[in-house]
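One structure is given here, and the rest of the page talks about it.
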Number of protein chains: 2
Amino acid sequence: MPGQHTLDETESQVATRLAGMNLDFEAMAVTANLFRAANAARNHMERTVLAKSNLTWTAFVVLWVAWIWESAETREIASEAGVSKATLSGVLTTLEGRGFVERKRGEKDGRLVTVELTASGKRLMKKLFPEFNKSERHVVRGLTSAEQPVAADILRRITQATN
Amino acid sequence: MPGQHTLDETESQVATRLAGMNLDFEAMAVTANLFRAANAARNHMERTVLAKSNLTWTAFVVLWVAWIWESAETREIASEAGVSKATLSGVLTTLEGRGFVERKRGEKDGRLVTVELTASGKRLMKKLFPEFNKSERHVVRGLTSAEQPVAADILRRITQATN
DNA sequence: TAAAGATCGTTCGGGTCCGAACTATCTGAG
DNA sequence: CTCAGATAGTTCGGACCCGAACGATCTTTA
């Protein structure tokens with residue numbers, strides 16, 4: 001299988017290639033595997049659950065946030081979804097065009113825009129989210145149930161340290 | 001601070017909003033925090049280390065893979081960087097235009113393309129990578145040195161489970 | 001109560017990002 | 001030897017992605 005390296009091969013190549021450079025290899029291993037894992041999980045979910053509804057990852061997360069909070073302000077959605085307000089603006093336009101969300105100008109504060117799911121958007125999430133959750137279960141199936149809260153906690157601390 | 005929720009608030013809102021839906025909340029917490037952490041770390045690095053050299057995240061990863069392996073085939077880079085070959089093609093064109101990499105047609109197999117860093121690309125990585133590693137150290141500073149290998153191992157298992 | 005400043009969402013330009021369709025090349029069965 | 005099939009990288013269309021610049025709106029200050 002030419003041109004294919006296992007995780008172990010990659011990490012040992014890294015170690016020899018960068019030997020004597022005074023680097024923190026532990027930190028490197030954590031972040032490298034963090035991105036690999038997030039990417040693998042995201043790609044998997046996009047190709048299985050999300051593709052059927054023709055939704056991108058970000059579009060789904062935006063729907064999810066608005067669904068969970070009943071109605072959400074855009075900067076809140078952007079922050080939870082981890083995208084810039086510029087990106088969110090475009091995604092909302094797409095979702096609005098497909099009839100899944102509605103934008104509403106703030107009445108008290110004319111600068112604000114709140115986002116609500118339409119009936120169609122709610123139906124979609126009600127059907128989609130259980131399937132999505134099944135995928136989440138698949139992603140963590142390599143961890144024991146004791147390890148899962150540990151993993152969540154570690155990841156929370158990484159997020160906090162980065163802000 | 002209107003429109004801002006803490007992680008705890010979000011998770012408890014999720015719990016009440018989705019109560020009685022027979023979902024795996026442990027798995028949900030792991031994946032949600034996985035994406036949050038990866039996103040936070042990526043944004044942090046893009047804005048600090050990478051912005052100075054006007055590099056995107058993916059462009060940096062591509063350079064990194066080619067640098068570590070001395071010279072790499074495109075499908076290998078795409079796989080390690082976690083992007084499709086279509087995306088890689090565009091990124092390589094950008095990097096080639098900026099003089100950081102060179103494409104070389106395979107001599108034995110005319111379909112293959114191998115990628116090598118130019119002298120300029122090597123200089124860039126030699127300067128940039130130690131700074132990048134300092135950022136990686138920052139990202140994991142909330143974890144003890146005993147926890148870091150545990151974290152890397154857990155993330156590796158998530159990656160494996162997803163394939 | 002104006003003018004200065006802060007904050008919000010949108011727009012713009014350029015760079016990813018992907019699946020699908022495409023061209024070029026190699027491989028195998030007959 | 002040939003040509004169907006597999007494989008590699010590119011192109012294309014459409015969606016995301018960001019920082020910067022922008023207009024609209026609220027808030028603060030004098």
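Bear in mind the structure is a predicted one, so any value in this text is a computation, not a measurement. In what follows, every chain begins at residue 1, and chains take the letters A, B, ... in the order their sequences are listed.
Here the side chain of B/Val83 is nearest to one of D/dA6, C/dC18, C/dC8, namely C/dC18. Out of C/dA6, C/dG15, C/dC18, the shortest distance to the side chain of A/Arg111 is found at C/dA6. Checked against C/dG15, C/dG19, D/dC18, the side chain of B/Thr94 finds its nearest nucleotide in C/dG15. Listed candidates were D/dA8, D/dC16, C/dT16. Nearest to the side chain of B/Val91 is C/dT16. When distances run from any side-chain atom of A/Thr87 to the nucleotides D/dC16, C/dT16, D/dG9, the shortest one goes to D/dC16.
Electrostatic pairing of B/Arg137 and A/Glu26 does not count as a salt bridge here, judged by no charged N lying under 4.0 Å from a carboxylate O. A salt bridge does not link A/Glu116 to A/Arg103: none of the charged side-chain nitrogens sits closer than 4.0 Å to a carboxylate oxygen.
If you check every strand for non-hydrogen atoms under 4.0 Å, B/Gly110 touches sugar and phosphate atoms only. Using a 4.0 Å heavy-atom distance criterion, A/Gly97 is classed as making no nucleic acid contact. Across all strands, A/Arg103 comes closer than 4.0 Å only to sugar-phosphate atoms, never to a base (heavy-atom distances). Among the heavy atoms of the strands lying under 4.0 Å from B/Arg42 are primed sugar atoms or P, OP1, OP2 only; no base atom is included. A/Ser84 comes within contact range of at least one nucleobase, with a heavy-atom separation under 4.0 Å.
Between the CG atom of A/Asn54 and the C1' atom of D/dC16 there is a distance of 14 Å, rounded to whole Å. Atoms CG (B/Leu88) and P (C/dG15) sit 16 Å apart, rounded to a whole Å. For the pair A/Lys85 NZ and D/dA20 P, the interatomic distance rounds to 12 Å; values are reported in whole Å. Here the P atom of nucleotide C/dT7 and the CG atom of A/Asp109 are 12 Å apart, to the nearest Å. Summarising the geometry, the separation between CG on B/Asn43 and C1' on D/dG19 is reported as 12 Å, rounded to the nearest angstrom. The distance between atom CD of B/Glu76 and atom C1' of D/dG9, rounded to the nearest whole Å, is 15 Å. The nearest whole Å value for the distance from the CG atom in A/Leu92 to the P atom in C/dG9 is 10 Å. When rounded to the nearest whole Å, the span between CD of A/Glu107 and P of D/dC26 equals 12 Å.
In this pair, B/Phe129 and B/Phe60 present their aromatic rings parallel. The plane angle is below 30°, not in the 30 to 60° band.
Using modelled atom types, one finds a donor on one side chain and an acceptor on the other under 3.5 Å when comparing A/Thr87 with A/Ser84.
Counting heavy-atom neighbours within 6.0 Å of B/Arg157 CZ, excluding the residue itself, gives a total above 12.
The 5' end of DNA chain C is approached more closely, in terms of each residue's nearest nucleotide, by B/Trp57 than by the other of B/Trp57 and B/Arg105. Nearest-nucleotide positions on DNA chain D for A/Ala86 and A/Lys108 put A/Ala86 closer to the 5' end.
Closest of all the heavy-atom pairs between A/Arg98 and A/Ser53 is NH2-O, 3.1 Å.
A close approach under 4.0 Å does not occur between any side-chain nitrogen or oxygen of B/Thr74 and OP1 or OP2 of D/dA8. Contact check, B/Ser89 against D/dG9: no side-chain N or O comes under 4.0 Å of OP1 or OP2.
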